A.B. asks: 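I am attaching a structure below and will ask some questions about it afterwards.
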Amino acid sequence: MTVKATLAPLDWESHFFGLRSAIMRFADEAPVVDISQLDAWQRVQAKVPAQRADLLDALQQLGFQLVEGEVDLVLPVAAASSSTALSVAKEEDVPPLRAAAAAVFAQSRFRAPWYPADASGQFYAQWVENAVKGAFDHACLIMQAPDGSLRGFVTLRQLNEQEARIGLLAGRGIGEILMQAAQEWCATRGLSTLRVATQVGNIAALRRYIQSGANVESTAYWLYR
């Protein structure tokens with residue numbers, strides 16, 4: 001089987017990781033991909049719907065390897081209640097947020113051997129800092145302990161006039177509170193739908209999202225070359 005796709009540059013990731021990177025955009029009307037096109041990049045990513053076994057087989061023949069599975073979920077936004085004790089993160093919250101993100105997300109799809117050993121943690125540390133500054137994600141909400149230490153956080157990005165997406169969510173034992181805060185953030189903006197994705201193997205996250213009212217929308221595999 002041939003693979004029809006275009007290769008779209010991943011400029012931010014290329015700069016951050018120091019690897020010239022692209023992602024495959026599949027379309028029936030796209031040209032057939034050949035090895036020479038792939039060889040022009042140091043890293044090529046592909047996200048393939050789980051039901052496309054034919055595409056998975058074809059990509060493996062082109063030298064791609066499975067990295068991880070991903071579940072995309074969607075949930076309706078409940079009415080705002082303003083009941084959660086979260087606040088919008090400020091510049092002074094960045095250091096503990098970076099440390100927490102680096103620890104929690106150390107084994108994402110940006111892990112070794114595809115990227116340097118500490119790349120995953122550093123990638124998400126930068127992600128949460130950017131969210132505090134309103135770059136890419138639009139906000140970072142934090143929950144603090146009585147002593148002022150960080151208990152957890154959630155970052156959010158408004159996608160359009162109806163939808164938002166959770167970028168990062170972390171906090172042991174307070175997942176329900178973080179999800180409520182995310183929905184309140186959406187409700188105050190008149191949004192009706194909240195999206196979130198997680199690794200297939202992250203059973204705790206899947207359970208939390210489903211208990212919060214989310215439904216599985218799709219599943220996919222990430223492959224790299």
Side-chain angles (χ1 to χ4, degrees), residues 1-75 105 107-116 119-120 122-124 126-127 130-131 135-138 155-168 191-202 205-206 209 214-225:
M1 175 190 172
T2 58
V3 175
K4 294 184 176 182
T6 56
L7 295 175
L10 293 169
D11 294 333
W12 194 89
E13 291 181 20
S14 296
H15 174 75
F16 186 85
F17 294 118
L19 293 170
R20 190 163 181 266
S21 302
I23 187 167
M24 301 190 80
R25 304 295 189 196
F26 302 104
D28 291 339
E29 65 274 13
V32 174
V33 176
D34 61 39
I35 293 293
S36 63
Q37 291 173 287
L38 298 172
D39 287 343
W41 301 89
Q42 292 175 280
R43 181 73 65 247
V44 181
Q45 304 178 11
K47 184 179 180 181
V48 181
Q51 68 271 22
R52 289 294 307 274
D54 57 333
L55 193 50
L56 290 169
D57 291 342
L59 286 171
Q60 290 180 77
Q61 291 175 10
L62 289 172
F64 282 81
Q65 296 183 42
L66 177 65
V67 178
E68 71 175 29
E70 184 173 285
V71 182
D72 283 288
L73 303 101
V74 60
L75 66 154
F105 301 107
Q107 287 298 315
S108 76
R109 64 184 179 88
F110 298 109
R111 66 185 184 276
W114 304 103
Y115 296 93
S120 180
Q122 292 306 310
F123 179 85
Y124 287 103
Q126 189 61 54
W127 183 323
N130 289 351
F136 189 65
D137 282 353
H138 296 127
T155 73
L156 293 142
R157 173 164 52 103
Q158 184 169 340
L159 302 174
N160 51 49
E161 293 182 356
Q162 291 82 38
E163 301 176 319
R165 176 175 288 278
I166 291 174
L168 306 177
L191 307 179
S192 59
T193 302
L194 181 59
R195 297 182 175 278
V196 65
T198 191
Q199 296 164 306
V200 169
N202 193 341
L206 284 170
Y209 298 146
N215 292 308
V216 174
E217 184 176 56
S218 62
T219 56
Y221 294 108
W222 281 98
L223 294 90
Y224 290 169
R225 184 185 190 273

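Numbers for residues simply follow the sequence, beginning at 1. The structure displayed is predicted, hence computed values, not measured ones.
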A.B. asks: How would you list, by chain and number, every residue that makes a side chain to side chain donor-acceptor pair (under 3.5 Å) with T219, sequence neighbours excluded?
C.D. replies: none
A.B. asks: Is there a side chain to side chain contact (heavy atoms under 4.5 Å, CB included) between V44 and M24 once you walk through the steps?
C.D. replies: CA-CA 7 Å; V44 181; M24 301 190 80; 3.7 Å; yes
A.B. asks: What distance do S21 atom OG and H15 atom NE2 have between them, rounded to the nearest 0.5 Å?
C.D. replies: 12.5 Å
A.B. asks: Which residues pass the side chain to side chain donor-acceptor pair (under 3.5 Å) test with N160, not counting sequence neighbours?
C.D. replies: E163
A.B. asks: Show your working on side chain to side chain contact (heavy atoms under 4.5 Å, CB included) between E217 and R195 and close with a plain yes or no.
C.D. replies: CA-CA 9 Å; E217 184 176 56; R195 297 182 175 278; 2.5 Å; yes
A.B. asks: Please name the pair of heavy atoms, one in A5 and one in V33, separated by the smallest distance, quoted to 0.1 Å.
C.D. replies: O-CG2, 3.4 Å
A.B. asks: Mind checking salt bridge (Lys or Arg N to Asp or Glu O under 4.0 Å) for R20 and listing every partner two or more places apart, or none if nothing turns up?
C.D. replies: none
A.B. asks: Please tell me if the side chains of V3 and F26 come closer than 4.5 Å, counting only heavy atoms from C-beta onward.
C.D. replies: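 The answer is yes; the side chains approach within 4.5 Å.
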A.B. asks: State, to 0.1 Å, how close Y221 and G69 come at their nearest heavy-atom pair, and which atoms those are.
C.D. replies: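 Heavy atoms only, the tightest pair is CD2-CA, 3.9 Å.
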A.B. asks: With sequence neighbours left out, write down each residue that passes side chain to side chain donor-acceptor pair (under 3.5 Å) with D34, or none if nothing qualifies.
C.D. replies: S36
A.B. asks: Kindly check if the number of other-residue, nucleotide or ligand heavy atoms within 6.0 Å of NZ (K47) is above 12?
C.D. replies: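 More than 12 within 6.0 Å, yes.
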A.B. asks: Can you name the salt bridge (Lys or Arg N to Asp or Glu O under 4.0 Å) partners of R165, sequence neighbours left out?
C.D. replies: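 Once residues adjacent in sequence are excluded, the partners of R165 under the salt bridge (Lys or Arg N to Asp or Glu O under 4.0 Å) criterion are D72.
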A.B. asks: Taking side chain as C-beta onward, heavy atoms only, is L75 less than 4.5 Å from N215?
C.D. replies: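 Side-chain contact under 4.5 Å: no.
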A.B. asks: Holding to side-chain contact (heavy atoms from CB on, under 4.5 Å), I want the full list of residues that pass it with A8, two or more places apart in sequence or in another chain.
C.D. replies: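 I23, R25.
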A.B. asks: Check the pair W114 / L19 against side chain to side chain contact (heavy atoms under 4.5 Å, CB included), numbers first and verdict last.
C.D. replies: CA-CA 10 Å; W114 304 103; L19 293 170; over 6 Å; no
A.B. asks: Start with the C-alpha gap between Y209 and V216, add the side-chain angles, then the distance that decides, and say whether side chain to side chain contact (heavy atoms under 4.5 Å, CB included) holds.
C.D. replies: CA-CA 9 Å; Y209 298 146; V216 174; over 6 Å; no
A.B. asks: How many angstroms lie between atom CG of L194 and atom CG of L156, to the nearest 0.5 angstrom?
C.D. replies: 6.5 Å
A.B. asks: For residues 53-66, which side-chain donor-acceptor pairs fall under 3.5 Å, sequence neighbours excluded?
C.D. replies:
unit_1, atom_1, unit_2, atom_2, d
D54, OD1, R52, NE, 2.9
D54, OD2, R52, NH2, 3.2
Q60, NE2, L56, O, 3.3

A.B. asks: Name all residues meeting the side-chain contact (heavy atoms from CB on, under 4.5 Å) criterion together with S108; count only those two or more places apart in sequence or in a different chain, and write none if there are none.
C.D. replies: F110, S120, Y124
A.B. asks: What closest approach, in Å, do T198 and L73 show between heavy atoms, and which atom pair accounts for it?
C.D. replies: CG2-CD1, 4.4 Å
A.B. asks: Name all residues meeting the ring-ring contact (aromatic ring centres under 6.0 Å, His included) criterion together with F16; count only those two or more places apart in sequence or in a different chain, and write none if there are none.
C.D. replies: W12, F123
A.B. asks: Of all residues at least two apart in sequence or in a different chain, which pass the salt bridge (Lys or Arg N to Asp or Glu O under 4.0 Å) check with D39?
C.D. replies: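 D39 satisfies salt bridge (Lys or Arg N to Asp or Glu O under 4.0 Å) with R225 once adjacent residues are dropped.
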A.B. asks: Listed by chain and number, what are the side-chain contact (heavy atoms from CB on, under 4.5 Å) partners of D137, not counting sequence neighbours?
C.D. replies: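 Listed in chain order: W127, A131, T155, R157.
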A.B. asks: Listed by chain and number, what are the salt bridge (Lys or Arg N to Asp or Glu O under 4.0 Å) partners of E13, not counting sequence neighbours?
C.D. replies: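 Once residues adjacent in sequence are excluded, E13 has no partner under the salt bridge (Lys or Arg N to Asp or Glu O under 4.0 Å) criterion.
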A.B. asks: Against the six-membered ring of Y224, is R109 placed for a cation-pi contact (under 6.0 Å from the centre, within 45° of the normal)?
C.D. replies: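 No; the conditions do not both hold, so R109 does not lie above the ring face of Y224.
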